[in-house]
Number of protein chains: 2
Amino acid sequence: MKRKKRISKIIGLSLVTLCLISFFSCSSKENSSLKNQQSEPITLENDTLKISVDEGSGCFTVIEKISGQVWNPDPWEHAAGLLSLIDSEGKNQTVSLSKSRKIEISHKDDTTISIRFIDPVFEDGSVAKGVMIACEIGLDQNSSKLDVQVIEYETGSYRLVNLRYPSRHFSLKTDVDRGAAVIPQKQGIICPSYIFPMNGGRFCQWDDATYDRRSVGTLPLYGNAIGLSMPWWGTYNEKSAVLGILDASSEAEMEFNINNNGQYLFNAVGKMSPYERIVFLDPVWNLDKHEAKRQITYHFIPGGNYVDMAKTYRKAAIERGFFMSLKEKAKANPNVNKLAGAIYLGVYGGYPHYVNMPGMAFTFDQLKEIIRASHDELKVENAFVHAWGTFSNYAPNCWPISEELGGVAKLKEAVDLARKYGYLYSSYHAYTPLLENDPDFSTDLMGVDKDGKLIRAGSRWARVDSKHYTVLASKNLEKEIASLDLEADITDIAFVFTPDSGSIELARYLRSLNLVMGTEHGQEHWIPYFDMFEGMTYREGAVSAIPLSTIRQKAPLFNLVYHDAIGNFGKIQDPDNESTLNGDFRIKTLRNMLFGAGSLIFFSPYEFEGMHDMIKMANELVSPVHRETFFAELLNHEYLSADFKVQRSRFSNGTEVIVNLGPVAQKIKEGESLPGYGFQITDENGRIRSGQFELRLSVN
Amino acid sequence: MKRKKRISKIIGLSLVTLCLISFFSCSSKENSSLKNQQSEPITLENDTLKISVDEGSGCFTVIEKISGQVWNPDPWEHAAGLLSLIDSEGKNQTVSLSKSRKIEISHKDDTTISIRFIDPVFEDGSVAKGVMIACEIGLDQNSSKLDVQVIEYETGSYRLVNLRYPSRHFSLKTDVDRGAAVIPQKQGIICPSYIFPMNGGRFCQWDDATYDRRSVGTLPLYGNAIGLSMPWWGTYNEKSAVLGILDASSEAEMEFNINNNGQYLFNAVGKMSPYERIVFLDPVWNLDKHEAKRQITYHFIPGGNYVDMAKTYRKAAIERGFFMSLKEKAKANPNVNKLAGAIYLGVYGGYPHYVNMPGMAFTFDQLKEIIRASHDELKVENAFVHAWGTFSNYAPNCWPISEELGGVAKLKEAVDLARKYGYLYSSYHAYTPLLENDPDFSTDLMGVDKDGKLIRAGSRWARVDSKHYTVLASKNLEKEIASLDLEADITDIAFVFTPDSGSIELARYLRSLNLVMGTEHGQEHWIPYFDMFEGMTYREGAVSAIPLSTIRQKAPLFNLVYHDAIGNFGKIQDPDNESTLNGDFRIKTLRNMLFGAGSLIFFSPYEFEGMHDMIKMANELVSPVHRETFFAELLNHEYLSADFKVQRSRFSNGTEVIVNLGPVAQKIKEGESLPGYGFQITDENGRIRSGQFELRLSVN
């Protein structure tokens with residue numbers, strides 16, 4: 001680690017002060033003449049990395065020495081950071097920190113450079129007086145890690161909204177770098193940085209999207225429908241990878257620009273963008289929250305890709321206490337073994353939306369018959385039967401068991417039969433909703449703000465104040481367990497966000513009951529409390545309008561980190577039996593095996609016969625893979641074909657899965673081709689099973 | 001028609017004036033006391049309708065006498081109209097016209113009532129002084145039609161943004177009325193007003209969406225990706241239907257609220273909505289455009305539904321000159337007959353995005369081989385081959401034919417072969433784009449505004465000023481036709497919006513060449529110029545984020561109006577060979593037959609073999625139906641199952657199609673069941689063909 005001279009730009013400052021006395025426009029001129037002095041950059045260095053901070057702009061360049069990869073700063077505007085602020089008249093502007101009147105760069109110590117951006121200058125030459133942003137860049141002595149932190153800031157007379165810092169650093173050049181942006185959006189995606197063969201209208205959309213707003217946006221951390229499922233992201237090319245992991249106590253959104261040339265910055269002024277297409281991912285720090293730490297640590301991985309990133313984060317996840325292995329869980333509760341190979345059968349009776357809903361409600365005799373037929377006729381070996389609609393009250397009051405549908409005795413017959421077959425069973429539970437159509441609807445359990453306004457009036461599934469969750473659960477759940485002799489529980493909704501005291505209390509309470517525990521998609525924080533998530537699946541498009549769907553390839557980032565820690569099944573809004581944006585039954589079934597997920601079939605009683613063939617195919621194809629890989633780490637994932645349709649994954653138990661998610665036969669090695677919608681599975685004993693889905697037209 | 005007394009509320013006005021002198025809050029009290037005077041409503045009446053205008057609110061009620069249906073005004077707020085306006089401080093508010101200080105209602109003549117809303121009152125009691133909205137309601141003497149018009153307005157010191165008028169009239173009560181909202185969103189949708197059995201996560205989403213913003217929004221008229229394809233909409237229940245058709249010279253957006261209880265109006269104030277769930281569709285009049293006429297005509301159809309609405313509009317479409325039958329077109333150019341039964345085969349070489357794109361470009365020899373194999377091996381009888389990528393320049397310069405790919409002679413061999421088989425052929429043409437990646441990119445052809453700003457900097461596919469379209473086309477197209485002896489042309493993009501002088505000039509020019517003419521989805525205005533549209537299909541979700549996708553059933557509204565006027569194929573962004581939000585190959589293929597559309601298969605050369613099975617199935621199943629119904633009117637469409645999956649359509653030539661778009665076998669008549677993904681087609685000669693798609697898993 002070499003110490004470089006301290007820079008304080010005293011001459012520049014004096015000149016600026018002088019200029020201020022005369023006229024404004026002089027200051028930036030002085031500033032640029034300073035930049036041209038070609039003074040030596042201030043640097044940090046260890047065995048694998050060299051970081052140079054440009055004294056004119058405060059931007060930094062990282063040389064990753066092993067591969068020789070140079071990660072340059074913002075190629076568009078040379079902006080170290082982009083600050084969004086509102087002036088006293090309510091005008092919102094974004095300003096480049098590198099256009100500050102004063103940038104102080106200094107060594108804080110041997111491993112840390114301090115950078116202070118003072119008085120940023122707007123496009124029109126006016127100055128955001130009194131605004132200051134202080135950052136630090138710290139290089140780990142013994143590893144390829146760089147800490148970047150926003151230390152403090154002063155607001156002047158402005159409201160500072162947010163700060164992208166570092167901005168547009170670690171970018172890829174579209175079609176020059178053959179790599180990708182890596183984004184843990186739900187299960188995970190990568191966005192390739194180059195053109196590749198594809199079709200079905202997908203290429204048109206892919207290329208078009210990179211020139212419009214579909215390739216630009218912001219993703220929140222740990223959101224329900226659309227957010228990042230893990231606090232990291234990165235970019236890689238053929239030489240090297242860089243992964244940014246947010247500090248455990250930090251929160252940031254992620255801004256993305258995927259192969260876009262920034263035309264959106266010029267539309268309003270009616271000009272063509274002078275910039276090249278690039279890929280970048282920026283942390284967006286909220287500056288309204290004063291207490292939060294704002295640190296991201298960049299990890300540099302020579303020759304790395306998205307798998308290496310996930311595996312690097314896996315270590316952090318273990319450190320953070322998010323990871324608890326399914327093996328440990330099964331040791332504590334052997335019934336967890338029953339999840340391995342299970343098909344998640346969701347039987348929907350209209351609940352929790354409606355109680356005993358005509359046309360959809362099932363009787364407990366019907367439920368029993370569905371369980372019997374699944375075992376005796378469809379030969380399902382493992383199942384988790386989730387019955388939606390067994391209570392005669394609306395959630396959050398999950399009690400009593402409906403007499404109308406058959407009462408406790410009849411439901412117990414169904415549950416007993418499930419247990420006899422080794423299936424898991426849970427009725428649907430939720431302690432968060434308050435529904436307008438509930439005849440007992442009341443606002444009593446809702447939170448109010450200081451003015452007495454209802455806090456979550458518009459969010460019917462999460463209206464209950466979380467402090468009531470455990471009271472609601474404990475009022476009835478143990479009665480239900482005792483009545484039905486239950487081994488498993490699914491509790492919906494309460495764990496789709498990050499923990500608060502009420503939801504933690506509920507999770508602890510549920511965990512104390514020694515059941516196989518499942519919940520709706522969850523977040524990583526909840527992994528120690530649960531054995532299965534209903535799914536870290538992709539919910540894009542129609543529901544939540546994430547533009548990334550046209551420019552991404554699905555990648556099992558969440559499972560590369562957590563496969564051996566939490567059982568993953570689909571999402572009831574997007575079950576394997578429905579054709580959706582995520583594919584039809586063929587594609588979803590192949591992807592289940594590839595990612596190490598279990599099948600999810602969700603149906604109303606009247607639809608059960610229509611599910612038979614799919615349940616049989618899931619049992620034949622997915623269950624054996626799920627059974628043997630359930631406790632295994634997902635070690636690797638690769639795209640084998642140029643169009644990303646053929647993919648391979650490997651699990652720590654030895655299982656290898658190759659699937660073709662497209663209709664076109666493609667070569668997987670010399671002399672070996674995988675047919676459209678085909679698969680080749682090598683099980684943990686080395687036995688190979690291959691085949692394909694075929695769509696046939698039969699005319700009578 | 002009876003004439004009622006003239007109301008001018010002179011007493012009320014005097015009282016109000018008096019109050020103004022003392023204090024504000026008095027005025028609304030006076031107003032409400034006036035409402036309680038129970039004076040006789042002012043009415044219009046003919047043999048089938050009676051319209052009563054409430055003098056207190058200016059709202060109107062329509063009694064449709066034949067069925068006895070009473071169409072009440074806004075059940076939530078009793079608002080005749082909702083005016084959005086901005087005050088001098090930039091604050092945007094919405095105000096109910098029925099809360100105006102003064103509402104003047106009078107008979108203009110025997111058939112027309114004039115309503116003037118003067119000085120609307122805000123929630124806080126303050127008055128939008130000087131604001132006036134004048135409307136007229138006119139009843140046709142001899143038919144079940146009611147004209148509603150916004151005649152004029154005064155703005156006071158406000159900017160009037162828009163006006164919903166009439167607002168929330170003709171609404172349905174959710175789960176009380178068993179009907180639907182009918183919306184020509186692209187091909188068309190209906191949104192049922194009641195709960196019905198459905199699943200696959202669809203019910204959860206359907207019900208959830210009705211309680212959040214997915215069921216509320218605005219659709220533009222004639223938009224590219226998301227708009228209404230025709231200027232009408234309506235609601236119906238079991239008794240009666242009401243259809244609003246915009247005047248030919250009127251433009252309005254359509255606001256929808258589908259089974260939503262208006263909770264969105266109360267979230268900000270932290271209260272629960274006191275309203276019931278309802279369905280309504282409102283015209284939204286833009287008040288910034290001073291010149292436009294603002295008239296909607298409501299048609300009342302006892303016992304009617306979406307089919308009757310479409311058929312009513314069909315008459316208007318014919319009057320407006322949008323309709324020209326395919327029979328007439330085939331008479332003028334017998335090659336139009338070749339479209340009947342055709343599979344649209346889009347061969348994508350990366351163009352127009354890139355020229356001679358590695359990995360995707362085809363050679364003309366390859367193209368010829370694709371045509372040969374389609375005919376000789378796949379036995380395709382009719383096809384429209386559309387080759388994307390034959391020129392060595394970027395669009396809009398569609399010339400010269402690429403020497404690199406084989407030159408004119410080789411391409412002519414492919415085109416000759418297509419013609420020999422009776423196939424249509426066109427290379428891809430577009431005269432609207434200017435692409436950044438074109439080495440000859442220049443802004444010379446772009447329009448600029450008065451300040452010299454480029455007008456469409458951000459819209460690469462529509463950057464060319466439309467005055468240049470015809471110049472660009474005529475420079476090269478006739479050379480190409482002569483070189484290749486062409487019979488057909490597809491010109492992309494230029495006709496996705498409503499006509500302007502440049503696009504009309506281009507359409508006229510293209511029509512003059514006596515080719516079979518096709519274009520991207522088109523709008524109804526372009527039907528006289530074209531023989532086929534690439535598709536009035538559904539583009540929702542990922543691309544354009546229309547929330548309606550979770551709460552609608554697809555209905556062939558556009559084809560009920562125009563099937564016999566324009567050939568309809570899918571959309572290349574959503575071809576039949578891809579699994580998307582619109583379904584997989586099975587579902588799309590069944591829907592093609594049902595709606596009377598042709599198959600569309602879109603692929604890169606490397607994918608052709610993967611398309612073989614699908615092309616064969618489309619040829620076997622869809623082409624015979626398309627061939628015999630091509631010139632026929634689509635007479636009727638019905639949903640036969642409670643879950644809307646089983647549907648039937650009937651064409652004027654006698655063809656009847658019944659399909660099951662879901663996996664569950666369902667009864668279609670006593671003793672007769674249609675299997676999952678099954679079909680039963682009765683051809684025009686009465687022969688019945690039935691069968692189903694089957695998905696099989698074959699394991700080696």
Side-chain angles (χ1 to χ4, degrees), chain A residues 197 199-201 204-205 207 211 261 263 266-267 270-272 348 353 359-360 436 443 453-454 457-458 460 540-542 545 549-550 572-575 577-581 583-585 587 602-604 606-607 610 617 620-621 663-665 676 689-700, chain B residues 197 199-201 204-205 207 211 261 263 266-267 269-272 348 353 359-360 436 443 453-454 457-458 460 540-542 545 549-550 572-575 577-579 581 583-585 587 602-604 606-607 610 617 620-621 663-665 676 689-700:
Chain A
N199 210 332
C204 314
Q205 293 207 54
D207 200 70
Y211 283 96
N261 71 350
Q263 181 60 49
F266 297 90
N267 289 339
K271 288 187 179 159
M272 300 307 298
Y348 181 70
H353 300 76
M360 270 187 272
E436 295 84 346
T443 60
K453 284 185 190 171
L454 298 172
R460 65 202 305 252
E540 297 177 302
S549 61
T550 44
I572 59 105
Q573 289 91 340
D574 187 45
N577 46 293
E578 285 285 329
S579 292
T580 70
L581 216 86
D584 57 10
F585 178 76
I587 295 169
F602 189 68
F603 55 93
S604 282
Y606 86 97
E607 296 174 305
M617 287 188 273
E620 185 180 350
L621 198 55
V664 184
R689 226 162 49 119
S690 64
Q692 71 184 112
F693 282 105
E694 286 173 304
L695 185 62
R696 291 184 199 168
L697 174 62
S698 73
V699 179
N700 303 335
Chain B
N199 209 334
C204 312
Q205 294 207 54
D207 199 69
Y211 283 96
N261 71 350
Q263 182 59 50
F266 296 90
N267 290 338
V269 292
K271 288 187 180 159
M272 301 306 300
Y348 181 70
H353 299 77
M360 271 187 272
E436 296 84 345
T443 60
K453 285 186 191 172
L454 299 171
R460 67 202 303 251
E540 297 178 300
S549 60
T550 43
I572 60 102
Q573 290 92 339
D574 187 45
N577 45 293
E578 287 284 330
S579 292
L581 216 87
D584 59 8
F585 179 75
I587 295 169
F602 188 68
F603 55 92
S604 282
Y606 85 97
E607 296 174 304
M617 287 187 274
E620 186 181 348
L621 197 56
V664 184
R689 226 164 48 120
S690 64
Q692 71 184 112
F693 282 106
E694 285 173 305
L695 186 61
R696 292 183 197 170
L697 173 62
S698 71
V699 180
N700 302 334

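Owing to the predicted nature of the structure, the values given are computational and were not obtained by experimental measurement. To find a chain, count down the sequence lines: A is the first, B the second, and so on, and within it residues start at 1.
Contact tally against chain B (heavy-atom pairs below 4.5 Å) for Ala665(A), Gly270(A), Gly201(A): the top residue is Gly270(A). Your options are Ile572(B), Asn577(B), Asp584(B), Asn261(B), and the one with the most heavy-atom pairs under 4.5 Å with chain A is Asp584(B). Contact tally against chain B (heavy-atom pairs below 4.5 Å) for Glu607(A), Arg460(A), Gln692(A): the top residue is Arg460(A). Chosen from Pro197(A), Gly676(A), Ser698(A), Ser579(A), the residue pairing most often with chain B at heavy-atom distances under 4.5 Å is Ser698(A). Of the residues considered (Ser604(A), Gly359(A), Ala457(A), Pro663(A)), Ala457(A) shows the highest number of contacts with chain B, using heavy-atom pairs under 4.5 Å. Most heavy-atom pairs under 4.5 Å with chain A, from the set Val699(B), Leu697(B), Val664(B): that is Leu697(B). Contact count versus chain A (heavy atoms, under 4.5 Å) is highest, among Gly691(B), Pro575(B), Ser690(B), for Ser690(B).
A donor-acceptor pair under 3.5 Å is formed between the side chain of Asn267(B) and the backbone N or O of Gly458(A). With hydrogens and angles ignored, the 3.5 Å screen pairs a side-chain donor or acceptor of Gln205(A) with a backbone N or O of Gln573(B).
To the nearest 0.5 Å, atoms CG (Leu581(A)) and OG (Ser549(A)) are separated by 5.5 Å. The CZ atom of Phe266(B) sits 12.5 Å away from atom CG of Leu454(A), with the distance rounded to the nearest 0.5 Å.
Residue contact with chain A, scored on non-hydrogen atoms closer than 4.5 Å, involves the side chain of Gln263(B) exclusively. The contact between Arg696(B) and chain A is made by backbone and side chain atoms together, counting heavy-atom distances below 4.5 Å. With a 4.5 angstrom heavy-atom cutoff, Val269(B) touches chain A only via backbone atoms. The part of Met360(B) that comes within reach of chain A is its side chain, from C-beta onward, which places non-hydrogen atoms under 4.5 angstrom from that chain. Contacts between Thr443(B) and chain A at a heavy-atom distance below 4.5 Å involve the side chain alone, from C-beta outward.
In this structure, Tyr348(B) and Phe602(B) have tilted ring planes: the angle between them lies in the 30° to 60° band.
For the pair Arg689(B) and Leu621(B), the minimum side-chain heavy-atom distance is below 4.5 Å.
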Between His353(A) and Tyr211(B), is the side-chain contact (heavy atoms from CB on, under 4.5 Å) condition met? List the steps. CA-CA 11 Å; His353(A) 300 76; Tyr211(B) 283 96; over 6 Å; no

